[in-house]
Amino acid sequence: MTGPAGVGIGWRPEIAGFVAGLPGLRFVEVVAETVTPAGPLPDGLAELRARGVDVVPHGVRLSLGGAEPVDPARVTHLAAVAAALDAPLVSEHIAFVRAGGLEAGHLLPLPRSREAVAAVVANVRRTQAELPVPLALEPIAALFDWPDDELDEADFLTEILDATGALLLLDVANVHANARNRGDDPTALLDRLPLERIAYAHIAGGAEHGGFYHDTHTDPVPAAVLDLVRELCQRRRPPALLLERDGHYPPAAELRAELDALAAASGHPVVT
Amino acid sequence: MSGDLAARQAELVAALVAGGPLPPGFAPAPVEAARRALLRKRSGDVARHWPLLAAGLGADWPATFTAWADGRPTNGSLRDGWDLARKLSDQGTLPPLGAEELAAREAASHYDGHRPPRPRRMPAVARAGGAVAAQFAGRVRLLRPAPR
């Protein structure tokens, strides 16, 4: 599989200068909804492409887990962004973001039911039919569960990936958050996930709020998440790792230290 | 429970963003935590689209935004901030920085409160909270700052 490699970072306009200055960088991710494929690429992204840095479009608004068919215009946009960036793959979430005409403004969890598996699989297939490149699916961090789950998380995910042939975008911070909030063992989930399907992994920091761990992307990566990165890399040849940061951007030295910590935990070359 | 995923998803979203009742079977505390987290995230998103409005309110921004947004589904960060700024302006509680940001936005784009804002083609002057902004050939200029 040709896909992202090494340690990367989520490209955001606010840190474009910092990202451009990372000498060893081989891949970044860009929020697909922020790219206008017909127009010029955002400043900085075009330069990274010219340097040979892979850019992976990451969708956040497709609502693959919605009971209704995915909006064809959103699929067309994602496909056009992938083509414009000459991307190796694209990624989206196993979640829904709108229902009944209302936008949630965030990724919401699905019931782990056969009906939900069928809805996701149908939407993933509709999306794959339009995409010029493979699709990786990311399980989300959820603060609550549905009352009538029929499957556990590993089985739910494996059924969707098996039925669609999609790749796995594993968010290590989400694994940590879900285990924390449900009182589960995060490594037990790692042992049951189809790790051979991982395209790359997300790493981010979060914070405690009212007794829950929130995957905020605005805080430093905690030691427990780095430990889980090491656990993941022991189980599988280290996958490409992507640091996600949204808002409250820290000084460059702190971002560099976080990227270096990911390289150290995985054995990937440093990119700073 | 089958065949009704669409209806159940709609109920859940309504409970999270539109003041709807908690659907049966869900644990109240975790859903409430998610509802609060959504409001916090929205407040940050709108602050990024309306930086002067948020800065003008300072430490009061999260509470001001959350009180307004609670039970009100989003129309996107641009329109959410616009609607809130207009409401504060009507109440006479828009801070000077927010007034200047609102006047500049009103001069640059036409927004009817229902459909997405559209850039104005014709020259325009707009006022908000004592601030006056003008737009000519797509360039916006603050003619008079809001009184401090």
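In what follows, chains carry the letters A, B, and so on, assigned in the order in which the sequence lines appear, proteins first and then strands, with residues in each chain numbered from 1.
- Taking the six-membered ring where tryptophan is involved, the planes of F65(B) and W68(B) are tilted, since the angle between them lies from 30° to 60°.
- For a residue to count as touching a neighbouring chain, one of its non-hydrogen atoms must lie under 4.5 Å from one of that chain's; by this rule P23(B) does not touch chain A.
- The aromatic ring centres of H217(A) and H248(A) sit 6.0 Å or more apart.
- Only the side chain of V17(B) comes within less than 4.5 Å of a heavy atom of chain A; its backbone N, CA, C and O stay farther away.
- Between D155(A) and R192(A) there is a salt bridge, since at least one side-chain N of the basic residue sits less than 4.0 Å from a carboxylate O of the acidic one.
- Within the 4.5 angstrom heavy-atom criterion, atoms from both the backbone and the side chain of L102(A) approach chain B.
- Taking L12(B), N75(B), T74(B) one by one and counting their heavy-atom pairs under 4.5 Å with chain A, the maximum is reached by L12(B).
- Most heavy-atom pairs under 4.5 Å with chain A: of the set R36(B), K41(B), E11(B), this distinction falls to K41(B).
- A cation-pi arrangement is not found for R8(B) relative to W146(A), the charged atom failing to lie both closer than 6.0 Å to the ring centre and inside a 45° cone about the ring normal.
- Ionic pairing of E130(A) and R126(A) is not present here: no N-O contact between side-chain nitrogen and carboxylate oxygen is shorter than 4.0 angstrom.
- R42(B) and D45(B) are not joined by a salt bridge, as no carboxylate oxygen comes within less than 4.0 angstrom of a charged side-chain nitrogen.
- For A7(B), no part lies near chain A; criterion is any non-hydrogen pair under 4.5 Å.
- Proximity to chain A is limited to the side chain of A18(B), based on heavy atoms less than 4.5 angstrom apart.
- Salt bridge status for R86(B) with D83(B): absent, with no side-chain N to carboxylate O gap under 4.0 Å.
- In this structure, the portions of E103(A) lying under 4.5 Å from any heavy atom of chain B include both its backbone and its side chain.
- Taking chain A as the reference chain and counting heavy-atom pairs below 4.5 Å, the highest number among A10(B), P24(B), P30(B) is found for P30(B).
- The residue among P147(A), A104(A), A118(A), G100(A) with the most heavy atom pairs within less than 4.5 Å of chain B is P147(A).
- Top candidate by heavy-atom pairs under 4.5 Å with chain A, chosen from S77(B), A34(B), G44(B), is A34(B).
- Heavy atoms closer than 4.5 Å to chain B are found in the backbone of D145(A), but not in its side chain.
- D246(A) has a carboxylate O that lies under 4.0 Å from a charged side-chain N of R12(A), or vice versa, which qualifies the two as a salt bridge.
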